[in-house]
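Below: the structure, in structure tokens.
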Amino acid sequence: MTRQTPPFRRGGRPRKPDSEKRRLLISARVRQDEMAIIEGRAAENNIPLSDFVREQALSGAILVRKSRNLSAIDRHDLARIGSNLNQIARACNATGDTFRARHIESTLDELRRLLRRIDAPGQPLDELGEG
């Protein structure tokens with residue numbers, strides 16, 4: 001007489017269907033302090049680390065950093081204005097000439113106009129150098 005476990009009494013968790021199995025692995029490099037923070041947040045929510053990371057990746061808020069690329073014309077204008085300011089400051093320091101120092105305001109106004117154009121909301125980047 002052999003003892004076999006009947007199919008209805010097999011222990012363990014039922015197998016998942018193939019459609020529910022997660023077979024792909026995503027890997028990310030983090031520093032030690034970042035790992036500690038991530039593990040801490042998962043522990044605070046009482047969920048496994050992989051579930052926490054998956055949930056954050058799928059539905060968490062993502063910080064997107066947008067940077068405006070300056071056109072060649074804008075870079076040239078900023079470099080020219082900076083050079084003008086440097087020359088005026090050097091001349092004023094060397095000679096003690098206050099007349100030139102008073103004319104620095106017009107150069108600063110030009111710089112302010114360019115910076116306002118760069119920071120203008122909704123302005124296309126390719127139009128920054130024109131105007």
Side-chain angles (χ1 to χ4, degrees):
M1 184 164 130
T2 61
R3 293 188 131 200
Q4 288 185 328
T5 306
F8 62 88
R9 287 196 181 167
R10 288 197 178 136
R13 186 179 184 280
R15 292 185 183 263
K16 285 185 178 182
D18 286 341
S19 63
E20 291 183 25
K21 291 182 181 177
R22 293 186 171 103
R23 297 175 189 257
L24 302 176
L25 176 68
I26 296 175
S27 163
R29 295 184 187 276
V30 294
R31 294 187 316 260
Q32 189 68 35
D33 61 323
E34 293 170 330
M35 186 64 171
I37 292 170
I38 294 168
E39 289 174 336
R41 288 182 182 168
E44 286 173 9
N45 292 297
N46 199 26
I47 59 175
L49 182 62
S50 62
D51 290 347
F52 176 78
V53 172
R54 183 183 316 106
E55 185 63 32
Q56 287 298 309
L58 292 173
S59 64
I62 304 296
L63 174 64
V64 177
R65 294 186 179 119
K66 294 182 179 180
S67 63
R68 300 191 107 188
N69 294 325
L70 297 178
S71 69
I73 294 170
D74 288 328
R75 285 192 301 275
H76 174 75
D77 287 348
L78 286 173
R80 182 180 52 79
I81 293 167
S83 177
N84 289 348
L85 286 172
N86 195 26
Q87 290 171 7
I88 292 169
R90 190 178 311 130
C92 289
N93 287 335
T95 64
D97 187 3
T98 58
F99 175 76
R100 289 186 189 191
R102 282 184 253 135
H103 290 283
I104 201 168
E105 276 304 313
S106 64
T107 306
L108 286 173
D109 287 340
E110 187 179 354
L111 177 61
R112 288 183 190 113
R113 274 194 306 275
L114 179 60
L115 292 175
R116 272 194 303 273
R117 226 177 32 195
I118 290 170
D119 289 336
Q123 183 169 1
L125 293 176
D126 56 350
E127 295 179 11
L128 288 175
E130 303 166 4

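Positions are given from 1, in the same order as the sequence printed here. No hydrogens, no waters, no symmetry mates; every other heavy atom, side chains included, goes into these values. These numbers come from a predicted model, not from an experiment.
In this structure, the separation between CD on Q32 and CD1 on I37 is 11.0 Å, given to the nearest 0.5 Å. Note: R54 CZ to Q56 CD = 12.5 Å, rounded to the nearest 0.5 Å. Separating the NE2 atom in H76 from the CD1 atom in I81 is a distance of 9.5 Å, to the nearest 0.5 Å.
One hydrophobic cluster holds both I38 and I47 under the rule that ILVMFWY side chains link at heavy-atom gaps under 4.5 Å. Connection of M35 to V53 is established within a shared hydrophobic cluster, with ILVMFWY side chains joined at heavy-atom distances below 4.5 Å, either directly or through further cluster members.
Within a 6.0 Å radius of CG in N46, other residues, nucleotides and ligands contribute 12 heavy atoms or fewer.
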Side-chain donor-acceptor contacts of residues 17-30 below 3.5 Å, not counting sequence neighbours, with atom names and distances?
{"residue": "D18", "atom": "OD1", "partner": "K21", "partner atom": "NZ", "Å": "3.4"}
{"residue": "D18", "atom": "OD1", "partner": "R23", "partner atom": "NH2", "Å": "3.2"}

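For R41, there are no side-chain hydrogen bond (donor to acceptor under 3.5 Å, both in side chains) partners at least two apart in sequence or on another chain.
Remark: side-chain polar atoms of S83 are not paired, donor with acceptor, to backbone N or O of A79 under 3.5 angstrom.
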